[in-house]
J.: 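Please see the structure below; I have some questions.
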Amino acid sequence: MGVERAVTRWYVQRQSILNEIAQLEAKLAPAVAESENGGDAPESEKTALLEQLAVAQKKLHALGHCPKPMMG
């Protein structure tokens with residue numbers, strides 16, 4: 001039973017991190033498009049979003065592989 005909890009916890013953490021990455025990418029896309037079109041996008045906001053995205057990707061990488069495959 002303990003293995004199943006660990007696997008479930010891993011999947012929940014992974015999904016949470018993936019959702020965070022998706023949200024950050026969605027916020028970053030308009031800023032990148034605006035800067036490519038010669039718009040006046042705030043560079044500090046774009047940099048902050050890139051840093052948050054890098055941290056989230058590091059968390060995902062640090063999470064590693066699933067502890068054990070789910071039984072089924």
J.: When hydrophobic residues are tied together by side-chain contacts of less than 4.5 Å, even through go-betweens, does Tyr11 share a cluster with Leu63?
T.: yes

J.: Just verifying a value: how many Å separate Leu60 CG and Ile21 CD1, rounded to the nearest 0.5 Å?
T.: 5.0 Å

J.: Which is it for Asn19 and Gln23 under the side-chain hydrogen bond (donor to acceptor under 3.5 Å, both in side chains) test, yes or no, and what are the steps along the way?
T.: CA-CA 6 Å; Asn19 288 343; Gln23 288 176 349; over 6 Å; no

J.: Is there side-chain contact between Leu49 and Gln52, with at least one heavy-atom pair below 4.5 Å?
T.: yes

J.: Return the CG to CD distance between Leu28 and Glu45, rounded to the nearest 0.5 Å.
T.: 9.0 Å

J.: With rounding to the nearest 0.5 angstrom, report the CD1 to NE2 distance, Ile17 to His61.
T.: 12.0 Å

J.: Hey, quick one: are Leu50 and Leu24 part of the same hydrophobic cluster, counting side-chain heavy atoms closer than 4.5 Å, chains of contacts allowed?
T.: yes

J.: Just by modelled atom types, is the Val12 backbone N or O under 3.5 Å from a matching donor or acceptor in the Ser16 side chain?
T.: no

J.: Looking at Pro67 and Ala6, what are the two nearest heavy atoms and their distance?
T.: CG-O, 3.9 Å

J.: Can any side-chain N or O of Trp10 pair as donor or acceptor with the backbone N or O of Arg5 at less than 3.5 Å?
T.: no

J.: So do Lys59 and Gln13 actually touch side chain to side chain, heavy atoms under 4.5 Å?
T.: no

